[in-house]
Each structure stands twice: as structure tokens, then as C-alpha cells.
Amino acid sequence: MRKITKIYADCALYLNFARFLSIMIYHQQESLRSQLDSLTQKKRSIGFVPTMGALHKGHLSLVEKALEENGVVVVSIFVNPTQFDNASDLKKYPRTLEADAKLLQTLKGTILIYAPDVEDLYGNQVVSKSYNFGGLEHAMEGKYRSGHFDGVGTVLNLLFRVIRPTRAYFGEKDFQQLQIVRRLVEIEKLPVSIVGCSILRESHGLAMSSRNQRLTKLQFEKADLIYHTLKKVQKLFPKKSIAQLQQIAEEAFRESPHLELEYFEIANIQNLKTAQRKRKGNEYRAFVAAYAGEIRLIDNMELPKI
Ligand code: AMP
């Protein structure tokens, strides 16, 4: 266990000490668990926000919601190896624990950071469980990132069992993940409520993401195409067929030298199956994955009810 105060030992005297004590970094599950046990003796509920770090305002919006609804909030910061199918992407994923702690420090409330190493969470068996999420895992991200959702399910199952949260908060930015987590807690019979949170965006529309740090200035500016294409599809959705919308979206990306489209899909929000045509009573969302150079960006947007 390492107190955030240690990071700032030199300046601690000059700062509000009580405020510093409200946030701690735990590297080991035993110490986190014993602190949680003592805090929850007073029947405080536990809110949990799982992250891979390199925190931004999108993450903070989840933590703020968790603080509003719970007595204590755990933010995990862990770059999970089993959900990466690309070794270079895993290696290059930004790791900024001190800056993350500083950012969380700006929020009011009791926050514990759990930043384990791989062994603390996985022991010496760094492997994924194999899940059947009823087909949700084969759609979109599942097609392009082999084993990704087994890795996500495995790490969340481990984290849920350490933290035992009352509620856990996930962004709609990773909408497929959110639906899979809802299925995961049924499969694993975990007593936790899953709360979905809306997407926070940069001022030009790009969804906030830890990966945005790796974009060049030009790539960052041009990546707003993802948002504008989704907006256009949202607007045209009542008037155009799925095939026409698919064409419009693909065309927009073909015209951009800065982004390479991996997929654009309109899918049913319940089963995430690609929609062939609109059916009354179903709800749909549009999903995009695109590369800016070697940086993979994803986004999605709800579509009007028909
Ligand atoms: P990550 O660190 O990328 O694994 O994200 C941790 C959580 O933050 C996930 O539930 C994400 O969906 C959520 N998240 C990431 N970016 C955003 C955003 N721009 N708006 C809202 N939630 C987000």
C-alpha cells in the first residue's frame, strides 16, 4: 500500500493534508480488501470504476457518478494483458499512474485506487476463461480483436470478486463491452448493478479516449470525422435504408486520407447483430472502428426510435 501523500511528501505540509488522505493507492488486494472491509462496516455502498488508466474527463465522469451514488469508490487502474491481441498495442498503452492519482485527487469523496501488478490479480496463470456471451462476443470488436471479450470477462470477474461492489460503472463509449458485462454478471451470478454512462467528447466531437494522447495534432483534428459521420447517420436514419446509410458512412471515410475505416455497422442494441433492415420496436445504434495511422479508435451513437 502506498499513500498518495508519499508521492508529494515534500509539499505535503503546504497542502490540505486531510484532502490527501482521502485517496490512497493499493497495489495488493489484501490491503485494499481490509481497507474496504473497515470502511463498509458503516454500511457504505461500494461504487467501482474499472479502467486501464491514462485517465481523462470521460473516466472522471464515471467516477463522479459513482461518488454521487455510493459511500466509497474504487477505481482500478490495470492494463489487462489478456484483452490485447496485439503485443505492440499492449506495450504502447499509456501508463501514467501518478498523473491519474492527481486527477482523481481533484474529485470530492472517498476514492481508493487499486493498481495491481499482473500477479496480484491473476496469480501465475495469466490466461483467459472462455465465455459464451450468447453471441454478443462475436459481433464487431469480437470479429476484429480475437479473444478480446474473454480477456475483458476474465479480468472483470477477478476484479468484481476482489472489490465486491454494489454498483459498477461503464461507459457507452464501449457499448459492446457494456452489454457483455451485463451478461457476465448473470453468468457469474455476481450481486452487482451495472450502470451505463454516456460518452464524453472533445469540443470537436471526437470521443475522449486514452489512445487520443498518441494522435498527432493533425490526426486529432481530423478524427472528428468519426463523430460527424455518426451524427449524419443519426440524422438520416428515419429517412434512409440501412444499406444507404452504410454507403454514406463508408463513402465519408473513403474520402478521408487521415482515417481508415475498419468497420461501420448499424446493430440492434440488444443482441448487437448487424441490422439488415429496420424493424419497428427494435432499437439500433451505429458503431465505428477506424485507424488514424496505427491508433485504433472506436465510437458509437444511438439512433432514433422508429
Ligand atoms: P478504459 O480505461 O478505456 O478501459 O475505460 C474505462 C471505462 O471508461 C470504460 O467503461 C469506458 O467505456 C469508459 N470511458 C472511456 N472513455 C470514455 C468517454 N469518452 N466517455 C465515457 N466513458 C468513457
Side-chain angles (χ1 to χ4, degrees), residues 47-69 73-86 89-90 92-97 99-101 103-104 107 111 113-116 121 136 140-141 145 148-160 163 165 167-185 192-215 220 223-224 226-227 230 269 272 285 287-290 295-302:
F48 174 39
V49 183
T51 82
M52 296 205 297
L55 301 184
H56 50 69
K57 285 186 190 150
H59 294 115
L60 292 196
S61 69
L62 271 58
V63 182
E64 277 166 350
K65 195 168 165 83
L67 285 166
E68 276 164 28
E69 297 179 356
V73 170
V74 179
V75 178
S76 64
I77 296 180
F78 179 65
V79 183
N80 174 36
T82 63
Q83 71 188 69
F84 285 80
D85 63 342
N86 177 327
D89 195 22
L90 170 62
K92 288 186 184 160
Y93 202 89
R95 289 158 171 88
T96 57
L97 183 58
D100 292 345
L103 212 54
L104 290 170
L107 304 179
I111 301 174
I113 298 173
Y114 177 44
L121 207 50
L136 294 177
M140 298 177 288
E141 292 299 284
R145 302 184 70 188
H148 174 67
F149 289 115
D150 279 341
V152 169
T154 302
V155 76
L156 288 174
N157 183 40
L158 292 168
L159 286 165
F160 282 140
I163 294 157
R167 299 178 193 85
Y169 297 78
F170 292 85
E172 289 180 347
K173 159 90 172 27
D174 300 279
F175 191 84
Q176 184 173 8
Q177 170 175 278
L178 170 62
Q179 298 300 61
I180 283 178
V181 174
R182 293 196 160 117
R183 196 63 63 84
L184 174 77
V185 301
V192 53
S193 303
I194 302 301
V195 184
C197 306
S198 46
I199 303 173
L200 251 78
R201 298 180 176 281
E202 302 289 351
S203 56
H204 67 331
L206 176 67
M208 289 182 179
S209 165
S210 308
R211 289 167 198 263
N212 294 356
Q213 292 184 13
R214 292 173 56 206
L215 297 171
F220 179 82
D224 67 343
I226 300 173
Y227 171 72
L230 286 168
I269 65 161
L272 300 181
R285 252 176 131 92
F287 296 83
V288 168
I295 319 297
R296 190 170 184 277
L297 302 170
I298 60 168
D299 200 350
N300 68 86
M301 197 172 280
E302 68 181 345

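Quick note: numbers below take in every heavy atom, side chains included, and nothing from hydrogens, waters or symmetry partners. Order of appearance sets the numbers: ligands from 1, and atoms from 1 within every ligand.
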Q: Considering the heavy atoms of Ile199, write down every atom of ligand 1 situated less than 4.0 Å from one of them.
A: 20 (N), 21 (C)
Q | Worked verdict on Leu159 versus Leu121 for side-chain contact (heavy atoms from CB on, under 4.5 Å) | A | CA-CA 8 Å; Leu159 286 165; Leu121 207 50; 3.9 Å; yes
Q) In the protein, what heavy atom is nearest to atom 22 (N) of ligand 1, and what distance, to one decimal place, separates them? A) Leu62 CD1, 3.5 Å
Q. Considering only the protein, which heavy-atom contact is closest to atom 20 (N) of ligand 1, and what is its distance?
A. Leu200 N, 2.8 Å
(Q) Would Asp100 and Ile113 count as a side-chain contact (heavy atoms from CB on, under 4.5 Å) here? Give the steps. (A) CA-CA 10 Å; Asp100 292 345; Ile113 298 173; 6.0 Å; no
Q.
I need the minimum non-hydrogen distance between Pro94 and Gln213, along with the two atoms involved.
A. CB-OE1, 3.6 Å
**Q.** Atoms of ligand 1, numbered as shown, that sit under 4.0 Å from any heavy atom of Pro50
**A.** 6 (C), 7 (C)
Q.
Give me the residue, atom name and distance of the protein heavy atom closest to atom 10 (O) of ligand 1.
A. Gly171 N, 2.9 Å
Q) Counting from 1, what ligand 1 atoms have a heavy atom of Met52 closer than 4.0 Å? A) 1 (P), 2 (O), 4 (O)
Q: Using the ring of Phe175 (Phe, Tyr or Trp, six-membered ring only), decide whether Arg285 places NZ or CZ under 6.0 Å from its centre and within 45 degrees of its axis.
A: yes
(Q) Give me the nearest non-hydrogen protein atom to atom 12 (O) of ligand 1 as residue plus atom name, then the distance to 0.1 Å. (A) Asp174 OD2, 2.6 Å
Q.
For Leu107, is there any backbone N or O sitting under 3.5 Å from a side-chain donor or acceptor partner on Glu64?
A. no
Q: Enumerate the atoms of ligand 1 whose separation from the nearest heavy atom of Phe170 is less than 4.0 angstrom.
A: 10 (O)
Q. Looking at Met208, which atoms of ligand 1 are within less than 4.0 Å of one of its heavy atoms?
A. 16 (N), 17 (C), 18 (C), 19 (N)
Q.
Evaluate Val73 against Tyr169 for side-chain contact (heavy atoms from CB on, under 4.5 Å), listing each step before the verdict.
A. CA-CA 10 Å; Val73 170; Tyr169 297 78; over 6 Å; no
Q. Which atoms of ligand 1 are found less than 4.0 Å from any heavy atom of Ser198?
A. 20 (N), 21 (C)
Q: May I ask you to identify the nearest protein heavy atom to atom 14 (N) of ligand 1, giving residue, atom name and distance to one decimal place in Å?
A: Lys173 CB, 4.3 Å
Q. Is there a donor-acceptor pair closer than 3.5 Å between any side-chain N or O of Arg167 and the backbone N or O of Glu69?
A. yes
Q) If hydrogens are left out, which of Glu202, Arg211, His56, His59 has an atom nearest to atom 1 (P) of ligand 1, that is, the closest non-hydrogen atom? A) His59
Q: For the pair Glu172 (side chain) and Gly196 (backbone), establish whether a donor and an acceptor sit closer than 3.5 Å, ignoring hydrogens and angles.
A: no
